[in-house]
Each structure stands twice: as C-alpha cells, then as structure tokens.
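Remarks on the structure that follows.
Because only heavy atoms are used, hydrogens play no part in the values below, and waters and symmetry mates are left out as well, while side chains stay in. Order of the sequence lines fixes the chain letters, A, B, ..., with proteins taken first and strands second; residue numbering starts at 1 for each chain. Model, not experiment: these values are computed from the prediction.
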Protein chains: 2
Amino acid sequence: MVRQPSINAQHRAPLSTERIIEAALRIVDGQGLARLTMRRLGDALEVEAMAIYHHLPRGKEQLLDGLVAHVASAPADTAAQGAWRDVLRAWATDYRTRLLTHAGVLPLVVTRRNPAALTTTVASLREVLRRGGVPEDTAAVAAHTLLGYVIGHAALEARGTVEDGADRATDWNARFAAGLDLVIGGVR
Amino acid sequence: MVRQPSINAQHRAPLSTERIIEAALRIVDGQGLARLTMRRLGDALEVEAMAIYHHLPRGKEQLLDGLVAHVASAPADTAAQGAWRDVLRAWATDYRTRLLTHAGVLPLVVTRRNPAALTTTVASLREVLRRGGVPEDTAAVAAHTLLGYVIGHAALEARGTVEDGADRATDWNARFAAGLDLVIGGVR
DNA sequence: ACCTGAACACCGTTCAAGT
DNA sequence: ACCTGAACACCGTTCAAGT
C-alpha cells in the first residue's frame with residue numbers, strides 16, 4: 001500500500017527554487033528588502049526556514065542572487081523589426097517599469113557580483129545597435145551608457161529625489177523619456 | 001582639584017557624530033557594508049556599541065543616512081569659470097571616483113529615502129546649466145540625466161559587469177568618458 | 001552629559017534527526 | 001529526498017545603572 005502524503009503535503013505545492021524566489025520577491029515588493037528573512041520566507045511558504053537550504057544550499061546569498069537574476073535579466077528583443085532607436089526606447093521603458101516595480105531589489109542589482117544577469121541584458125543592447133548598423137565601438141559605449149542611465153534614473157526615482165522646493169511635482173515619466181531621447185539621440 | 005579623566009578618555013578623542021561616520025565609512029570601504037555592525041563600529045571607536053546611540057538616537061538608520069549624506073552630497077562648482085560642459089565633465093569625473101571609492105555605500109545611495117544628499121547635488125548641476133544659458137526645462141532634464149548616468153555607470157562598474165567573453169578587459173575609464181561625452185554632448 | 005552591562009527579541013546557519 | 005527542531009553565534013535596540 002502506498003503511503004499517504006500528509007495533509008500538509010497535499011494542499012500545498014512542493015517547494016522549488018522558483019516558488020522560493022517568487023515568494024521572496026513578493027515579500028520584498030510588499031514589505032521591503034529589510035523584512036526578507038529566511039524565517040519569514042519559510043512562513044510564507046508554509047515551511048520551516050531550514051527547508052529552504054535544501055533548494056538553495058548557499059542560503060541567503062543564493063536567494064539574493066536569484067532575485068537579481070529574476071529582475072535584472074530582461075534582454076531587448078534583438079529580433080524586433082523597426083528602427084533600432086525605437087527598439088531601444090521600448091526596451092528602456094519596459095526595463096524602467098520592471099526596476100520600479102521591484103524597487104526593493106535595486107540595491108542588490110547595483111552591487112551584487114552576479115555578472116550573468118546584467119551581462120545578457122547589455123549584450124542584447126549591443127546586438128540591437130550592431131544590427132542597426134552602429135559601429136562596434138560606438139555600440140559598446142552606447143549599450144553601457146543606456147543601461148547605466150536607466151538603472152541610475154530608476155534609482156533616483158525610487159528615492160523620490162525632489163529637486164525643487166516648488167509646488168509642481170516632478171513628472172518622472174516625462175523626465176525619463178526626455179533623458180532617454182537625449183541618450184539615444186546622442187548615439188551616431 | 002579637577003578630576004582626572006580616565007586613561008582611556010585621555011588617549012582617545014571624544015566620540016562625535018563625525019568620528020562615528022568616518023569610522024563607519026572605513027569599515028564599509030575596507031570590509032563591505034554587510035560587516036558594518038553597531039558592535040564592530042563600537043570596537044573600532046574603542047567604545048561600547050551602546051555609546052553610539054547617544055550621538056545617533058535613531059541608531060543604525062541614522063548611521064546609514066549619515067553615510068549617504070557623506071558620500072553622495074558633492075555638488076558641482078557653480079562658481080567655476082569656463083564652459084559649462086567642462087565644468088560638468090569635471091564634476092562627473094570626480095563624482096564617479098567618489099562613488100567607486102565608497103562602492104560599499106552605493107546600495108544605500110540608491111534606495112535610501114534621504115532627499116537632502118542628492119537634492120543639493122542635482123540642484124548644483126541645474127545651476128551650472130542655467131548659468132551656461134541652457135533653458136530651464138532642458139537644464140532640469142539634463143541635470144537628472146547626467147546624475148542618473150553617473151550613478152548607474154558607477155553601479156555597473158562596481159559590479160564589474162563583463163560583457164564580452166573575450167580577453168581584452170573593459171577599459172572603464174575610457175567607456176565612462178565616452179558615455180559622458182554622449183550625454184553632455186546631447187544637451188542643446 | 002556620556003558611557004556601560006545586562007537583557008530581549010530577533011537573525012543566518014549547522015547539524016543530527018525524523019519520515 | 002525532503003523537511004524539522006534544537007542549538008550556536010551573532011544582530012539591533014531598550015533600559016537601568018554608573019561616573
């Protein structure tokens with residue numbers, strides 16, 4: 001006779017790296033990075049904190065790396081039709097939204113030594129430029145400049161930097177778009 | 001007769017917010033942000049951790065805010081002679097160096113809600129542009145774009161993003177300068 | 001005024017044990 | 001194979017006490 005799994009095991013999906021990362025992201029987005037603890041993450045997954053180590057042997061380090069990979073790895077569509085400037089503008093708009101949606105992981109994106117995530121992203125930008133006929137050297141600079149701008153601007157937005165004591169609120173959308181045109185328009 | 005301060009009190013400078021911030025920055029620069037704890041900071045200052053709370057009542061929060069203020073608040077020289085493009089280029093070069101020197105605080109700069117530090121910096125950039133004859137609206141966009149670029153690029157550098165599997169190491173200095181020209185050159 | 005010592009409620013992680 | 005429970009060495013912070 002086959003052993004019955006416990007009631008607990010029945011009514012919940014089995015633990016997996018993917019489910020762990022998703023639950024972690026939900027905590028970070030909802031409560032902030034500081035409140036992401038292994039114990040709380042375990043609670044959210046209805047499991048003891050120590051169970052997480054079975055899927056992420058490197059523990060919290062690996063968890064944070066996973067969050068960065070999940071958020072920062074969003075390459076541009078290198079197969080897209082249309083002018084490369086439009087392709088890059090569309091990518092930048094999406095990427096900014098993505099970073100702001102998960103603003104809590106921004107500090108991790110910014111300093112975690114986890115090359116893979118940003119590497120594929122920056123490579124896709126270079127590829128879009130290259131296909132658009134931009135010389136290799138210029139493409140490398142432009143790809144980096146663009147990614148740097150988007151990340152930096154998202155960081156400024158996330159912090160809500162107010163630069164005038166005046167009444168009118170900063171229109172971040174318009175400002176981002178204008179700066180984006182400045183950067184993309186500067187590539188030649 | 002005047003009471004003698006203890007031997008301890010004689011051979012060390014009295015605690016102050018400034019000394020605390022400096023010691024904290026030394027720990028972050030030397031060992032990384034994760035190793036900055038109140039107890040270790042106390043050790044470095046030859047004091048019990050709890051003594052720090054007397055100078056920073058808001059505790060570690062206030063300490064981190066102080067680090068951000070110390071690192072990120074570096075306005076451009078609004079009184080400088082010469083073309084505004086040169087002034088901004090010089091500021092950006094210095095600011096990048098500053099951020100990379102204290103790369104450990106970058107994650108704090110990026111997300112801490114501490115308007116003051118970056119606000120004065122961005123205001124100085126706007127002022128340089130305004131004095132250079134750039135229209136108000138353009139100046140606001142350009143100031144933000146420039147600061148965003150410098151922070152974002154520094155973040156990419158700090159992470160050491162390698163974008164080609166090739167042998168030749170990325171020349172970050174050249175790349176930063178090229179992107180900087182792209183951004184500053186785009187302002188008109 | 002300034003600092004200390006003990007205490008409290010939390011962390012991340014290990015390790016042996018359960019099923 | 002996958003998860004648990006107890007334990008360890010650390011956190012940030014409070015609070016009463018010392019000088």
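A:Q31 CD: more than 12 foreign heavy atoms inside a 6.0 Å radius.
With respect to A:E22 and A:R19, no salt bridge is recorded, no charged nitrogen being found less than 4.0 Å from a carboxylate O. A salt bridge is absent between B:R40 and B:D43: the closest approach of a Lys/Arg side-chain nitrogen to an acidic carboxylate oxygen does not fall below 4.0 angstrom.
Counting only Watson-Crick or G-U wobble pairs whose defining distances are both under 3.5 Å, the stems of 3 or more consecutive pairs in DNA chain D are C:4-8 with D:12-16, C:12-16 with D:4-8.
The interatomic distance linking B:L15 (CG) with C:dC2 (P) rounds to 10 Å, in whole Å. Straight-line distance from the CG atom of B:L56 to the P atom of C:dC2: 13 Å, rounded to whole Å. The distance between atom OH of B:Y53 and atom C1' of D:dA16, rounded to the nearest whole Å, is 17 Å. For the pair A:I20 CD1 and D:dC3 C1', the interatomic distance rounds to 12 Å; values are reported in whole Å. The distance between atom CG of A:L41 and atom P of C:dC11, rounded to the nearest whole Å, is 12 Å. The nearest whole Å value for the distance from the CD atom in A:Q62 to the P atom in C:dT13 is 11 Å. Across the protein-nucleic acid pair, A:D43 atom CG and D:dC3 atom P stand 15 Å apart, rounded to whole Å.
In this structure, the nucleotide among D:dC11, D:dT4, C:dG12 sitting nearest to the side chain of A:M38 is C:dG12. Comparing C:dG12, D:dC3, D:dT13 against the side chain of A:H54 picks out D:dC3 as the nearest.
Nearest-nucleotide mapping onto DNA chain C: of A:K60 and B:I52, the residue sitting toward the 5' end is B:I52.
With values rounded to the nearest 0.5 angstrom, B:I20 atom CD1 is found 4.5 Å from B:L56 atom CG.
Paired with A:R85 under the rule side-chain contact (heavy atoms from CB on, under 4.5 Å), one option of A:I184, A:L129, A:V128 passes, and it is A:I184.
Put simply, B:H55 has a side-chain N or O that comes within less than 4.0 Å of OP1 or OP2 on C:dC3. Proximity of B:R40 to the phosphate of D:dC11: a side-chain N or O atom is located under 4.0 Å from OP1 or OP2.
The side-chain heavy atoms of A:N173 and A:R96, taken from C-beta on, include a pair separated by under 4.5 Å. A:V105 is not listed as a side-chain neighbour of A:V68, based on a closest heavy-atom distance of 4.5 Å or more.
Using modelled atom types, one side-chain atom of B:W91 and one backbone atom of B:A74 make a donor-acceptor pair closer than 3.5 Å. Checking side-chain atoms of A:T121 against main-chain N and O of A:A72 turns up a donor-acceptor pair under 3.5 Å.
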Filtered N/O pairs between nucleotides 5-9 of chain D and protein, under 3.5 Å:
none

